[in-house]
Amino acid sequence: MTNERTWGPVALQNGLTRFQIWAPAETLLSLELKGKLLPMMRSQDGWHRVEVEAAVGSAYRFILSDGRRVADPASRQQQLDLNGPSILMDSNSFPWQADGWRGRAWEEAVIYEIHVGAFTEQGTFRAAAERIAHLAQIGITAIEIMPLAHFPGKRGWGYDGVLQFAPHAAYGPPDDLRRLVDAAHRHGIMVFLDVVYNHFGPEGNSLPTYAPQFFRPDVSTPWGAAIDFRQSEVRSYFVENVLYWLKEFRLDGLRFDAIDQIEDGGDLHILEEIAKTVRSDITDRHVHLITENPANSTDLLAPREGGRYYKADWNDDFYHAMHVAVTGEDTGYYEPFSHEPWEKLRKIMTEGYFEAGKAVLGGNPPPSRALAPTSFIHFLQNHDQVGNRAKGDRLHLGINRQLYRALVEILMLSPQIPMLFMGDDHLSLRPFHFFADYQGKLAKAVRDNRPKEAANFGGVPDEMAQADIPDPNELKTFTRSKLNWNESDTEGAAAWGDFLRRLISVRQRLIVPLLKKARAHSATAIAAREGCLFLDWQLGSKTLQLRANLSNEPVSRPQDVGDVIYESATADSLELPAFFVTVALQS
């Protein structure tokens, strides 16, 4: 693709603004601007354009041949809702303060996932920015924001976005998002954003009306029609969207949702084109591209000249095996890990995936053990695994607290990239539910689907009925999911914050320098009883040694370790106490 932008308004050198929209199914189309209707010129390829004087802040919409008014599919801001009007924006006037920010190396990432609407009581970008200093004090080096693309209603998880360029209006204007990013950079924190390029939301999407070629009639996803990346106009929409988020908001990376549902029949896969474009267009700072790939393919993560296309994948295998091992829940998504979960966990931590899957780009991808351990993001929970549970309950409230503490030690001191979910920094007591803002039949369908989703994440507890699962569309389901920051002011929360700070400090000082030299897992799982993880990773000239006893009784302490860099507590030299972790480095 060329560097010329084809989607959204473009300011021209002659002082005019070019408004443009790809609407191949329309023969006559008009721009509504300042109360006037301006006819647009149609080209043979289906683009409609008009050049006109327009001030920043002007509201505009497109008028279809049947009189319907629609928002710009590349709108940068919406005045009201998905139907418009769209607002003409100036992205070059924001007074950035962290102007010298060049990002951080991937190996330094300690990620903290947030939902802007539930992260604070106010639920805005500005309020989120006020919490950045707290995260920096703990040692968080990256926040990952759940999707922002404008979606139906006033609240939702964001995975049903429709206007991919417009941050949802409920969180504040685009410049407030820039303020959040700027605040993070001033505190040394990277900002990643979830983007959803596998489908559009089920409500408010007008593209099928005037551009049915945007979608494939022969391929569907679990959430609706598949996007047709064989069309050059469709490809340019998403490539431009990637550059928009990374350049105009100075984001440090993107996380691509469910890429196994992105079908592309072209010679150059859209995910490869995106990676190559980012690599060639942004050369003055670190940019990290992340995948969520339930199919467990490794080709996008494989080393290549110039570096990996994508830095890491959310490794659900680690979560599933760990969860089965410590909770005993073994149905739904956990069922494949129900047999010998500790053995599966050892394999995942030393080789990457439990089982690799179909390649995204085709061919024979390398085994996951050939990848560096930093190619995998590990977590004890995230929005999916909390929010899809029947009660929206967090892991630390359902297992022994000492066991949970040991799991956090393993998460932070293993070579994979660790990720926390918002509230994990102060052991939040608040649930996190699935919430939405639909009406009518769609609201009922979403509500009726909750027991099915809960069945995949532990099922419905004996003490509650399916009818007791919170209705996603009720306002109180959303408000209950908001963090209560008063909880972070308690003595216990302060002690937990100190604990995390110590772990992250050990990681950054002693482990991260070795990760920059890691080329493959080169790892060994040492025979151990059930409930124990004895693992070695070869990182350059040193071996990182993890010895963890997650059982409720002491075990003999292994003697084949080097210099201890961390232990859960002072302990007998001959035993590993219950729920105890020790980490060492051996030359």
Side-chain angles (χ1 to χ4, degrees), residues 1-94 149-152 161-169 173-175 200-201 203-215 231-241 243-244 247-248:
M1 97 174 247
T2 65
N3 287 326
E4 183 179 4
R5 204 171 73 201
T6 56
W7 289 88
V10 176
L12 305 176
Q13 291 184 345
N14 60 6
L16 301 181
T17 297
R18 183 175 67 221
F19 292 88
Q20 52 200 357
I21 182 173
W22 187 55
E26 294 286 315
T27 56
L28 297 174
L29 198 147
S30 299
L31 171 71
E32 182 183 51
L33 177 69
K34 295 185 291 188
K36 296 181 179 180
L37 299 184
L38 305 171
M40 305 181 75
M41 295 292 294
R42 187 189 192 279
S43 59
Q44 290 186 346
D45 56 7
W47 282 96
H48 298 250
R49 298 182 176 91
V50 63
E51 296 179 4
V52 63
E53 288 186 0
V56 171
S58 297
Y60 70 97
R61 280 187 287 201
F62 297 112
I63 313 299
L64 305 183
S65 56
D66 63 1
R68 186 186 314 182
R69 287 166 165 78
V70 298
D72 186 344
S75 168
R76 270 50 176 174
Q77 183 181 4
Q78 289 298 97
Q79 189 175 76
L80 298 172
D81 54 24
L82 291 174
N83 295 319
S86 302
I87 306 297
L88 184 62
M89 300 297 297
D90 175 13
S91 62
N92 299 316
S93 60
F94 182 77
H150 214 299
F151 52 83
V162 174
L163 301 179
Q164 300 294 334
F165 292 77
H168 198 278
D175 274 356
F200 280 67
E203 181 178 284
N205 178 23
S206 299
L207 277 165
T209 302
Y210 55 80
Q213 296 92 326
F214 209 98
F215 301 93
Q231 307 289 337
S232 61
E233 294 83 1
V234 175
R235 299 178 78 85
S236 68
Y237 180 87
F238 288 100
V239 173
E240 289 178 30
N241 187 248
L243 295 178
Y244 165 74
K247 287 185 170 183
E248 297 194 19

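Note that the structure is predicted; figures quoted are calculated from it, not measured.
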Discussion item. Please confirm whether the ring centroid of Tyr237 lies under 6.0 Å from the ring centroid of Phe165.
Written reply: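 So the answer is yes for these two rings.
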
Discussion item. Can you tell me if Leu16 has over 12 outside heavy atoms packed within less than 6.0 Å of its CG?
Written reply: yes

For residues [X] and [Y], determine if any side-chain heavy atom of one lies less than 4.5 Å from a side-chain heavy atom of the other.
X: Arg42; Y: Leu29; answer: no
X: Pro39; Y: Leu28; answer: no
X: Arg18; Y: Glu51; answer: yes
X: Glu233; Y: Thr6; answer: no
X: Phe62; Y: Met40; answer: yes
X: Phe94; Y: Glu248; answer: no

What pair of heavy atoms forms the shortest contact from [X] to [Y], and how long is it?
X: Asp72; Y: Gly8; answer: OD2-CA, 3.8 Å
X: Asn205; Y: Gly201; answer: CB-O, 4.1 Å
X: Leu163; Y: Ala71; answer: CD1-CB, 4.2 Å
X: Ala55; Y: Leu88; answer: O-CD2, 3.5 Å
X: Tyr60; Y: Leu33; answer: CB-CD1, 4.0 Å
X: Leu80; Y: Ala169; answer: O-CB, 4.5 Å

With a 3.5 Å distance limit and no angle check, can you tell me whether [X] reaches the backbone of [Y] through a side-chain donor-acceptor pair?
X: Gln78; Y: Ile87; result: no
X: Trp22; Y: Asp45; result: yes
X: Glu53; Y: Gly15; result: no
X: His150; Y: Ser75; result: no

In residues 208-215, what donor-acceptor pairs under 3.5 Å come from side-chain atoms, sequence neighbours left out?
residue : atom : partner : partner atom : Å
Thr209  : OG1  : Arg68   : NH1          : 3.2

How long is the gap from [atom1] on [X] to [atom2] on [Y], to the nearest 0.5 Å?
X: Asp90; Y: Arg76; atom1: CG; atom2: CZ; result: 12.0 Å
X: Ser30; Y: Arg61; atom1: OG; atom2: CZ; result: 13.5 Å
X: Gln20; Y: His48; atom1: CD; atom2: NE2; result: 12.0 Å
X: Phe238; Y: Gln164; atom1: CZ; atom2: CD; result: 5.5 Å
X: Leu31; Y: Ile63; atom1: CG; atom2: CD1; result: 8.0 Å

Worksheet item: Under 3.5 Å, is there a donor-acceptor pair linking the side chains of Gln77 and Ser86?
Response: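 No, Ser86 and Gln77 have no side-chain donor paired with an acceptor closer than 3.5 Å.
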
